[in-house]
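Report on the structure given below.
Every heavy atom of this structure was used, including side-chain atoms; hydrogens, water molecules and symmetry mates were not.
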Amino acid sequence: MPQRPQAGDVSGLGPTALKLSYSSYQKASRALAAVAYALASVHGVEAELLDIAEGRTTSYLAETAYFPKAAARAWRWGPEMKEAAHALEEAGLPSDLADAAATVMGRWAGLKHTTPDLALVLEELHTSPNGEAT
């Protein structure tokens, strides 16, 4: 099993790790936003979607304190993402990002009705659905 670098480890990816970390968030977020907007457009609710989105003033990436809350709700959000993936497929749109989000939520499913700390939430992302470390 590959060893995960320790926090602050500058070997291996080094500065590239920061670029890849931000890039994975920023580019996937943009792609997901476009797909979500396309789905809203198919159903004629794009204006309402934009009203909701324009009410946000911060980046989800900067809201790390919310990650544990999201993880504790993953048992419910995972199936919602599967439902979104199905709706995207039905509309002829790519569902891969929604399916991937459901997979992430699956890694947090064991945190249902808990108040995990950020360290545990991040550790669970390194655990496969059958409980094995990845």
Side-chain angles (χ1 to χ4, degrees):
M1 164 175 23
Q3 185 113 15
R4 273 186 289 153
Q6 297 299 310
D9 184 356
V10 293
S11 64
L13 291 177
T16 304
L18 175 59
K19 179 181 185 262
L20 292 174
S21 297
Y22 185 72
S23 214
S24 68
Y25 163 75
Q26 189 251 358
K27 290 170 178 67
S29 295
R30 301 282 182 183
L32 184 57
V35 171
Y37 186 83
L39 181 60
S41 179
V42 165
H43 296 283
V45 294
E46 57 271 63
E48 292 87 343
L49 178 65
L50 291 179
D51 284 344
I52 293 168
E54 289 170 354
R56 300 242 351 120
T57 58
T58 60
S59 165
Y60 287 127
L61 184 58
E63 297 176 358
T64 58
Y66 195 79
F67 297 171
K69 293 174 187 168
R73 294 177 176 108
W75 64 273
R76 186 177 75 231
W77 290 2
E80 288 175 9
M81 292 308 301
K82 284 290 190 188
E83 193 175 327
H86 180 72
L88 290 163
E89 287 175 5
E90 291 291 312
L93 297 165
S95 62
D96 303 10
L97 288 169
D99 282 325
T103 297
V104 169
M105 299 294 171
R107 292 194 179 202
W108 287 334
L111 299 176
K112 179 180 180 178
H113 300 310
T114 66
T115 52
D117 63 12
L118 182 58
L120 177 58
V121 167
L122 299 179
E123 187 60 33
E124 289 297 308
L125 291 175
H126 293 279
T127 305
S128 70
N130 61 3
E132 297 176 8
T134 59

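For the atom pair CD of Glu80 and CE of Met105, the computed distance is 9.0 Å after rounding to the nearest 0.5 Å. Between Leu97 atom CG and Met81 atom CE the span is 8.5 Å, to the nearest 0.5 Å. Within the model, atoms CD of Glu123 and CG of Leu118 stand 11.5 Å from one another, a figure rounded to the nearest 0.5 Å. Between atom CG of residue Leu49 and atom CD of residue Glu46 there is a gap of 8.5 Å, rounded to the nearest 0.5 Å. With rounding to the nearest 0.5 angstrom, the CG atom of Leu32 is 11.5 Å from the CG atom of Asp96. The structure places CG of Asp99 at 6.5 Å from CD of Glu89, a figure rounded to the nearest 0.5 Å.
Taking both residues in full, the closest heavy atoms of Thr114 and Ala72 are given as O-CB, 3.4 Å, listed atom of the first, atom of the second, then distance. Nearest approach of Val35 to Pro94, heavy atoms of both residues: CG1-O, 3.6 Å. Here the closest heavy-atom approach between residue Ala109 and residue Ala74 is recorded as N-CB, 4.5 Å. Looking at every heavy atom in both residues, Ala102 comes nearest to Gly78 through CB-O, 3.7 Å.
In this structure, Tyr66 is a member of the same hydrophobic cluster as Leu122, with clusters built from ILVMFWY side-chain heavy atoms closer than 4.5 Å. Taking hydrophobic clusters as Ile, Leu, Val, Met, Phe, Trp and Tyr residues chained together by side-chain heavy-atom distances below 4.5 Å, Leu125 shares a cluster with Leu111. Leu93 and Tyr37 are members of different hydrophobic clusters when ILVMFWY side chains are connected at heavy-atom separations under 4.5 Å.
More than 12 heavy atoms of other shown residues, nucleotides or ligands fall within 6.0 angstrom of atom CZ in Arg56. Within a 6.0 Å radius of NE2 in His43, other residues, nucleotides and ligands contribute more than 12 heavy atoms. Counting non-hydrogen atoms of neighbouring residues, nucleotides and ligands closer than 6.0 angstrom, the CD atom of Glu48 exceeds 12 such neighbours.
Between the Trp108 side chain and the Arg73 main chain, no donor and acceptor come within less than 3.5 Å of each other. Within the 3.5 Å criterion, the main-chain N or O of Glu124 finds no donor-acceptor partner in the side chain of Arg107. A donor-acceptor pair under 3.5 Å links the side-chain atoms of Ser21 to the main chain of Ala17, judged by distance alone.
Ring planes of His113 and Trp75: tilted class, angle from 30 to 60°.
In this structure, a donor-acceptor pair under 3.5 Å is absent between the side chains of Ser29 and Tyr60.
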